[in-house]
Amino acid sequence: MCYERRDGEERLMQGMKLSRFFLGNNSSEGLISVSEQLSKLFKGKNANELRKAVVIFCGDTAVDGVNQTQGKLSYKEAVVVSQGYAPINAVARHINAPVYIIDVGLQQDVQTVSGILSQKVIHGTHQGYPAMDKEVTGHAIAVGVSVGRSLVKDGVQAVGLGHIGERAMLSALSVTMTILHEELEQASKQNGYQLQLKDVGDFRVDPIGVLAAVGSSEIAALFGLITELARNKVAIVFDDAVTGSAVLSAVNVYPNVRECVFPSLNYEEPIHKMQMKALHMEPCLHYPITGGAGIGAAIGLILLEQAMLLIDKEEVEK
C-alpha cells in the first residue's frame with residue numbers, strides 16, 4: 001500500500017507539471033474545480049480504475065455546395081488516425097486510451113479502410129434546408145447511442161469526443177444559433193439592431209427534426225453518444241465548437257447531462273465562446289489546439305486523471 005501511495009503521488013506531481021503547461025499559474029485551482037465535479041460523479045472510484053477512451057465521429061457538411069476537395073481531405077485525415085499516426089493517437093497512447101473512429105457521413109467511402117468502423121447513414125449532408133432527412137438523423141443518433149452502450153458495457157468511465165469532417169463549422173454554427181436564437185435576437189435588440197433567424201423548430205420538443213434541418217451526421221451521432229454516456233454517469237470531455245454544439249444540444253434537451261460534461265480548451269473562437277456562455281462553463285486548458293480530431297479532449301482526459309489522483313490523495317490524508 002505504501003508503494004501504491006508513493007506511485008500515486010509521483011503521478012500526481014507529473015500531472016501537475018503537465019497541467020501547469022496548459023493551465024498556467026492557476027493549475028491547482030483548475031484541478032480542484034474539476035476534482036470537485038468528479039467527486040460527485042465518481043463516488044468510490046480512484047484514478048487507477050479510471051478507464052478512458054476517445055471516440056471520433058466522421059461526417060462531411062454541405063457536400064453539394066462549394067466543395068473543391070470532394071471529401072478527400074477528411075478521408076485522408078480519417079485514414080491517418082486509423083493507422084495510428086495522428087497527434088491524437090500519440091496523446092491517446094500516453095493515457096492508455098483506445099481511439100475509436102466511426103464514419104457516419106463522410107462523402108468518400110471507407111469500408112475498405114482497416115481501423116474505421118463504417119456506420120454510414122449519408123454521403124455528406126446537403127447545403128441549405130434540410131441538411132438531411134429525419135430518418136437519416138435518427139439513424140445517426142442511434143449509432144451514437146449504440147457506441148455509448150458498448151463503451152459502458154466495456155467499463156469505460158471517461159470519454160473524449162472528437163470529429164473529422166469538412167465544413168463542420170457550418171453545421172456547428174447552425175445548430176448553436178438555432179438553440180440560442182432567442183438569446184441572440186434579444187441581445188441584438190439591446191444593441192440597437194434586429195436579428196432575424198430562421199425558425200426551424202424547438203430543439204427541446206423536436207431534436208431530431210431540428211438536427212435534420214440544420215445539423216450534420218457527426219453532430220447527431222455525438223448527440224446520441226453524449227446522452228447515453230451521461231445516462232450512465234460517464235465523464236465526457238469535449239474541446240471545440242463542433243463537439244460543443246453536440247454537448248449544447250444534449251444539455252438543451254436533457255439538463256442533467258451537464259453534470260457529466262467537462263470542457264477542455266479555452267480559446268478565442270466566437271461560436272465556442274457562445275456555447276461556453278450558454279452552458280455556464282469555463283474551460284481550463286489555455287492552449288489553441290483546435291484540429292478537431294479529439295486531441296484537445298484527450299489532453300482534457302489527462303486533466304481528469306490528475307483530478308482523480310488529487311481526490312485519492314485527499315482521501316488518504318483524511
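Here the structure is a predicted model, which is why all the values come from computation and not from measurement. For the single chain, residues carry numbers from 1 onward in sequence order.
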Rounded to the nearest 0.5 Å, what separates atom [atom1] in [X] from atom [atom2] in [Y]?
X      : Y      : atom1 : atom2 : value
Glu77  : Ile101 : CD    : CD1   : 8.0 Å
Glu269 : Met274 : CD    : CE    : 9.5 Å
Asp103 : His123 : CG    : NE2   : 8.5 Å
Ser82  : Leu117 : OG    : CG    : 12.0 Å
Ile179 : Ser174 : CD1   : OG    : 11.0 Å
Asp133 : Ile122 : CG    : CD1   : 7.0 Å

Can you name the nearest heavy-atom pair linking [X] to [Y], along with the distance?
X      : Y      : answer
Ala131 : Gly215 : CB-O, 3.3 Å
Met132 : Ala220 : CE-CB, 4.3 Å
Asp60  : Gly71  : OD2-CA, 3.8 Å
Leu222 : Gly162 : CD2-O, 4.1 Å
Gln111 : Ser118 : CG-OG, 3.6 Å
Glu166 : Lys72  : OE2-N, 3.5 Å

Hey, does the side chain of [X] reach the backbone of [Y] with a donor-acceptor pair shorter than 3.5 angstrom?
X      : Y      : value
Lys120 : Leu106 : yes
His163 : Ala168 : no
Asp64  : His126 : no
Gln108 : Gln70  : yes
Ser264 : Gly296 : yes
Arg167 : Gly65  : no

Just wondering, do [Y] and [X] contact through their side chains at under 4.5 Å, heavy atoms?
X      : Y      : result
Gln107 : Ser74  : no
Val147 : Gln119 : no
Lys273 : Asn266 : yes

Residue from [options] passing side chain to side chain contact (heavy atoms under 4.5 Å, CB included) with [X]:
X      : options                        : result
Ile226 : Val145, Val251, Val257         : Val257
Cys260 : Val159, Val234, Leu41          : Leu41
Val242 : Ile219, Ile164, Thr176, Val175 : Ile219

Same cluster or not: [X] versus [Y], using hydrophobic residues (I, L, V, M, F, W, Y) connected whenever any side-chain heavy atoms lie under 4.5 Å apart?
X      : Y      : answer
Leu73  : Tyr85  : no
Leu170 : Phe223 : no
Ile295 : Ile95  : yes
Val214 : Leu173 : yes
Val80  : Ile102 : no

Flag if over 12 foreign heavy atoms under 6.0 Å of CG, Asn96: no
Do other residues, nucleotides or ligands put more than 12 heavy atoms under 6.0 Å from Glu135 CD?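 Open: at most 12 neighbouring heavy atoms sit under 6.0 Å from CD of Glu135.
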Check: Gln127/Asn67 side-chain N/O donor and acceptor closer than 3.5 Å: no
Salt bridge or not for Lys233 and Glu259, using N-O below 4.0 Å? yes
Stepwise side-chain contact (heavy atoms from CB on, under 4.5 Å) check, Val54 with Leu301: CA-CA 9 Å; Val54 176; Leu301 288 174; 4.1 Å; yes
Would Leu303 and Phe262 count as a side-chain contact (heavy atoms from CB on, under 4.5 Å) if you check the C-alpha gap in whole Å, the side-chain angles of each, and the deciding distance to 0.1 Å? CA-CA 10 Å; Leu303 183 65; Phe262 299 81; over 6 Å; no
Applying side-chain contact (heavy atoms from CB on, under 4.5 Å), run through Phe203 and Leu211 and close with a yes or a no. CA-CA 8 Å; Phe203 200 97; Leu211 283 173; 3.8 Å; yes
Start with the C-alpha distance between Met281 and Val261, add both sets of side-chain angles, then the distance that settles side-chain contact (heavy atoms from CB on, under 4.5 Å), and finish with yes or no. CA-CA 10 Å; Met281 292 180 175; Val261 174; 3.8 Å; yes
Run the numbers on Thr243 and Asp240 for side-chain hydrogen bond (donor to acceptor under 3.5 Å, both in side chains), then give the verdict. CA-CA 6 Å; Thr243 52; Asp240 68 1; 3.0 Å; yes
